[in-house]
Protein chains: 2
Amino acid sequence: MARTAYHHGDLSQQAHQQALATLREQGDGAISLRALARQLGVSAPALYRHYADRESLLAELAISGFQALRQRLLAVNQQDSRKALIGIGLAYVAFARDEPNLYRLMFGGRVLPRGAHPRLDQAGLAAFQVLEDTVANGQQRGYLKAAPLSLLTAAAWSLVHGLSQLTIDGHLPGPDSEPQLAAGITALLLDGSVERTTNKEPSP
Amino acid sequence: MARTAYHHGDLSQQAHQQALATLREQGDGAISLRALARQLGVSAPALYRHYADRESLLAELAISGFQALRQRLLAVNQQDSRKALIGIGLAYVAFARDEPNLYRLMFGGRVLPRGAHPRLDQAGLAAFQVLEDTVANGQQRGYLKAAPLSLLTAAAWSLVHGLSQLTIDGHLPGPDSEPQLAAGITALLLDGSVERTTNKEPSP
DNA sequence: TGCCAATGTTAACGCCGTTAACTTCGGCAA
DNA sequence: TTGCCGAAGTTAACGGCGTTAACATTGGCA
């Protein structure tokens with residue numbers, strides 16, 4: 001169907017783009033189908049030809065977010081296991097820093113209950129898979145402990161996810177020191193936090 | 001001011017309680033001032049005598065959430081440094097599991113931009129302080145590395161926060177195995193994830 | 001006792017998501 | 001070439017929301 005005065009011709013794509021722009025600038029709470037339609041010079045119900053409801057539109061945005069995150073994690077691709085793991089952590093946090101509102105939508109949990117949008121779940125899983133593969137690889141090479149893969153992966157994911165969330169919410173020191181912080185924290189998970197010279201606790 | 005047919009007498013308190021109940025059951029998105037007023041048998045604008053707007057009400061809920069979290073962290077109080085640290089982690093994740101919707105409100109970041117509600121920032125800081133004190137204590141006793149306190153604390157907080165978020169959003173295995181997972185992950189941050197026997201990476 | 005500040009009320013504005021019923025129009029079948 | 005049908009738009013409407021303005025009630029203090 002081609003472009004006409006009546007038929008818009010590319011509404012789905014443009015709605016996605018415009019909604020993404022609004023999300024980036026003002027967060028998902030600012031996304032309204034009516035305002036979106038207004039900006040696109042179209043009536044509000046027209047959007048319902050392309051999205052079942054507001055939540056479906058948000059789900060599409062989240063899906064593209066997971067795909068972008070996955071690409072950034074795949075781009076790390078270091079040979080050395082330690083560098084690969086720290087690189088993944090840095091890339092993850094950098095994504096959250098660059099796209100805070102998108103990241104919040106993806107992981108907010110407020111919208112989009114798990115299981116409501118299968119394609120969304122699948123996109124999230126695909127991004128997670130990159131992290132898990134990196135951990136598994138480090139383990140196969142003997143760099144990481146022989147602990148259960150699910151445990152190591154959950155630890156790594158929890159760490160970078162928590163750091164991302166705290167960073168974009170301003171709970172941690174300014175963004176200038178953020179890369180060092182991320183690298184230092186990742187290193188802590190790798191090397192441990194306990195003082196190795198004294199395994200026993202000294203008496204107080 | 002006493003209870004009357006006209007004057008409710010305890011609206012502020014009851015609104016808080018009712019909103020908290022709705023939050024627990026359906027999340028903050030389901031909290032509406034009009035519905036709240038209806039449930040309390042009062043007109044909607046009456047609530048504006050006690051809360052500047054919807055966001056202020058949510059801020060109050062979040063504040064009480066941080067206070068509850070702080071109490072649960074304070075209740076750990078183990079002598080042994082390692083047990084104290086793991087105990088804090090378990091308590092933190094347990095709180096999130098018990099109050100998922102409240103936890104999301106507290107850390108969602110979607111509502112309540114940092115700095116908008118000073119008392120909220122202060123309540124969050126007070127909860128964070130318990131974690132930092134525990135870390136500092138472990139460090140002073142020589143159990144933890146002599147790394148910068150802010151780094152160690154950020155790592156611990158990131159880990160438990162990320163684990164909490166992933167847990168309540170259903171990204172990790174069922175809640176039955178959750179305590180073991182939390183304990184195992186916390187132990188990983190303490191002891192490290194790398195295989196100690198081989199510090200060098202073997203050639204592939 | 002009278003008044004004032006606190007705490008309620010109704011009415012209204014403009015926004016929102018969503019649905020129903022109708023219109024336009026591109027492209028394919030006869 | 002024509003006719004029609006389904007995709008993709010339209011307007012109108014419903015009910016809900018946050019919020020404000022203007023007004024009403026009333027408890028307690030001077």
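The sequence lines fix the lettering, A, B, ..., with proteins before strands; numbering per chain opens at 1.
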- Would you say C:dG17 has OP1 or OP2 under 4.0 Å from some side-chain N or O of A:S32? yes

- Message: Rounding to an integer number of Å, can you tell me how far B:L57 CG sits from D:dG18 P?
- Response: 10 Å

- Just compare D:dG9, C:dT9, C:dT18 and give me whichever is closest to any side-chain atom of B:V42. C:dT9

- Item | Selection from C:dT18, D:dT10, D:dA21 that lies nearest to any side-chain heavy atom of A:R54 | C:dT18

- Item | Rounded distance in Å - CG (A:L36) to P (C:dC15) | 16 Å

- Message: Tell me if the side-chain of A:R34 makes a donor-acceptor pair with the base of C:dG17, cut-off 3.5 Å, by modelled atom types.
- Response: yes

- Note on the structure: Side-chain atoms of B:R49 come closest, of C:dG17, D:dG9, C:dG8, to C:dG8

- Establish, yes or no, whether a centroid distance under 6.0 Å links the rings of B:H161 and B:F128. no

- Query: B:L58 CG to D:dG18 C1': how many Å, rounded?
  - Reply: 12 Å

- Note on the structure: Regarding the side chain of B:A46, the nearest nucleotide among C:dG8, C:dT18, D:dT10 is C:dG8

- Listed nucleotide nearest any side-chain atom of B:R38, set D:dT10, D:dG16, C:dT10: D:dG16

- Would you kindly give the CG-to-P distance between A:L47 and C:dC16, to the nearest whole Å? 12 Å

Which pairs of donor and acceptor atoms, one on a side chain in residues 39-51 of chain A, lie under 3.5 Å apart (sequence neighbours left out)?
unit_1 : atom_1 : unit_2 : atom_2 : d
A:Q39  : OE1    : A:Q18  : NE2    : 3.2
A:Y51  : OH     : A:S12  : O      : 3.1

- Message: So which atom in B:G108 and which in A:R104 form the shortest heavy-atom distance, rounded to 0.1 Å?
- Response: O-CD, 3.4 Å

- Message: What is the distance, to the nearest angstrom, from the CG atom on A:L11 to the P atom on C:dC25?
- Response: 16 Å

- Separation of atom CD in B:Q14 from atom C1' in C:dG8, rounded to whole Å: 15 Å

- Message: Taking the minimum atom-to-atom distance to the side chain of B:Y48, which one of D:dG18, C:dC16, C:dT19 wins?
- Response: D:dG18

- Query: Counting just side-chain N and O atoms, does B:H50 come under 4.0 Å of either OP1 or OP2 of C:dA6?
  - Reply: no

- Query: In whole angstrom, what separates B:D10's CG from C:dA6's C1'?
  - Reply: 15 Å

- Item | Atom pair distance, as rounded to whole Å: CG in A:D53 and P in C:dT18 | 5 Å

- Message: On a heavy-atom basis, which atom in B:G65 and which in B:F95 lie closest, and how many Å separate them?
- Response: O-CZ, 3.6 Å

- Could you walk me through whether A:N137 and A:T134 pass the side chain to side chain donor-acceptor pair (under 3.5 Å) check? CA-CA 5 Å; A:N137 194 282; A:T134 305; over 6 Å; no

- Start at the 5' end of DNA chain D and walk down; is the nucleotide closest to B:L33 or to A:S43 reached first? A:S43

